[in-house]
Amino acid sequence: MSDSNRTDFTNPSTFILLGIPGLEAAHVWISIPFCAMYTIAILGNFTILFIVKREPSLHGPMFYFLCMLAVTDLVMSAFTLPKLLSIFWFNSRQISFSACLTQMYFVHSFSGMGSGVLVAMAFDRYVAICHPLRHSTILTNSVVATIGLAVVLRSGILALPYPLLVRQWPYCRTNIISHFYCEHIAVVKLACADISINSYYGLSELLSVIGMDVFFIAMSYTQILRAIFRLPTKNARLKTFGTCISHLCAISALYLPDLLSSLMLRFGHNVPLHVLILITCVYHLVPPVLHPIIYGVRNKQIQDRLFQLFAYKET
């Protein structure tokens, strides 16, 4: 391509998001379930936060971690889903370069935070089951706050290279992003440079964070299962393991779509683009929707406070 036919988008002022390429005709119809799920996610997570804040008996480590997970889900979805819906409804496809980098940073940062919170919740389950008499002395408020701060710092620092690496490349092909948000690989593919470092860092960060978090979760549940199998009766074992079901469901809701989405975006060269992007949409929508439902259904304390809240409004 001659220089006269090539536009230099070095640090372009705006990018154009396509939404879900190939399904433009169905955007309005796709927006209906997406909007419904996003509304459920907002209502569900804010309900969790409201109930825990309102009820002093829920001011404990497990519910503090649950609130951290709710905040992570709300922020994570807020940085992607409103823009997706604006593309569907108003054809609002433009996003500034700085806003694109900001979105990229916070999506990666809060994705890591969600994983870190699940590790903290696994540690809480380990202490509650393996050392029940020492639970309140091990997981004090200061320890919970320290764990939360460590989760935030780890994710914030590891996500920082993404916008920094993206910012340094020249963009001389196009400013059209075949995605509904500024996904890291989708953006750097537009650069006129060797982006191997971006790909290597993204994959290593994904595997190291998830690998480390899954390792700690597996270690926790190994100790939990050993403690459960030492219980004298089958009913006691089932009842104790039942306290972990919500957490295991939350792990599946977060890790499976995330891992599938990330690997297919990098290696799914024969998979249609709209399928890859729909999988990414599932990752951004499913965990924020399922987490409050999982814990609302499985946790009797939250159920009781929710029923009391509605009963109070009816009287």
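Every value quoted in this text rests on a predicted model; they were computed, and no experiment measured them. Residues: numbered from 1 along the sequence shown.
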Donor-acceptor pair between Arg93 and Asn91 side chains, under 3.5 angstrom: yes
Heavy-atom neighbours of Glu24 CD exceed 12 at 6.0 Å: yes
Check: His131 ring centre within less than 6.0 Å of Tyr126 ring centre: yes
Side-chain heavy-atom pair Trp169, Cys192 within 4.5 angstrom cut-off: no
Chi angles and distances behind the side chain to side chain donor-acceptor pair (under 3.5 Å) call for His247, Asp124: CA-CA 10 Å; His247 182 246; Asp124 171 73; over 6 Å; no
CA sep, side-chain torsions, deciding dist, call: Asn175, Leu190, side-chain contact (heavy atoms from CB on, under 4.5 Å): CA-CA 7 Å; Asn175 63 342; Leu190 307 180; 5.6 Å; no
Output field: ring centroids Phe97/Phe15 closer than 6.0 Å: yes
CA sep, side-chain torsions, deciding dist, call: Val187, Cys100, side-chain contact (heavy atoms from CB on, under 4.5 Å): CA-CA 9 Å; Val187 174; Cys100 184; 4.1 Å; yes
N/O donor-acceptor pair under 3.5 Å between Thr140 side chain and Ser136 backbone: no
Side-chain (Ser208) to main-chain (Glu205) donor-acceptor, under 3.5 angstrom: yes
Check: Phe180 ring centroid to His27 ring centroid under 6.0 Å: no
Residues Tyr283 and Ser111: side-chain donor-acceptor under 3.5 angstrom: yes
Side-chain donor-acceptor pair present, Ser115, Tyr255, cut-off under 3.5 Å: yes
Met219 atom CE, over 12 foreign heavy atoms within 6.0 Å: no
Flag, side chain of Asn45 to backbone of Pro288, donor-acceptor distance under 3.5 Å: yes
Aromatic contact, His284 with Phe79 (centres under 6.0 Å): no
Partner of Pro61 by side chain to side chain contact (heavy atoms under 4.5 Å, CB included), out of Leu139, Ile147, Val127, Ile138: Leu139
Test item: side-chain donor near acceptor, Thr233 and Asn235, under 3.5 Å: no
Short side-chain to backbone donor-acceptor contact, Arg237 and Ile228, under 3.5 Å: no
Neighbour count above 12 (heavy atom, 6.0 Å) for Ile197 CD1: no
Within the 6.0 Å centroid threshold, strictly below: His108 and Phe106: no
Main-chain N/O of Leu74 paired to Ser77 side chain as donor or acceptor, under 3.5 Å: yes
Lys83 side-chain N/O to Ser92 backbone N/O, donor-acceptor pair under 3.5 Å: yes
Whether Asp213 side chain and Val119 backbone form a donor-acceptor pair below 3.5 Å: no
Side chain to side chain, Val286 and Val289, heavy atoms closer than 4.5 Å: no
Test log, rule side-chain contact (heavy atoms from CB on, under 4.5 Å), inputs Cys35 and Leu81: CA-CA 8 Å; Cys35 181; Leu81 271 304; over 6 Å; no
Ile16 and Ile177, any side-chain heavy atoms less than 4.5 Å apart: no
Distance-only polar pair, side chains of Tyr105 and His184, donor-acceptor under 3.5 Å: no
Side chain proximity check, Val144 to Phe65, heavy atoms < 4.5 angstrom: yes
Main-chain N/O of Leu58 paired to Glu55 side chain as donor or acceptor, under 3.5 Å: no
Side chains of Ser155 and Phe110 in contact at under 4.5 Å (non-hydrogen atoms): no
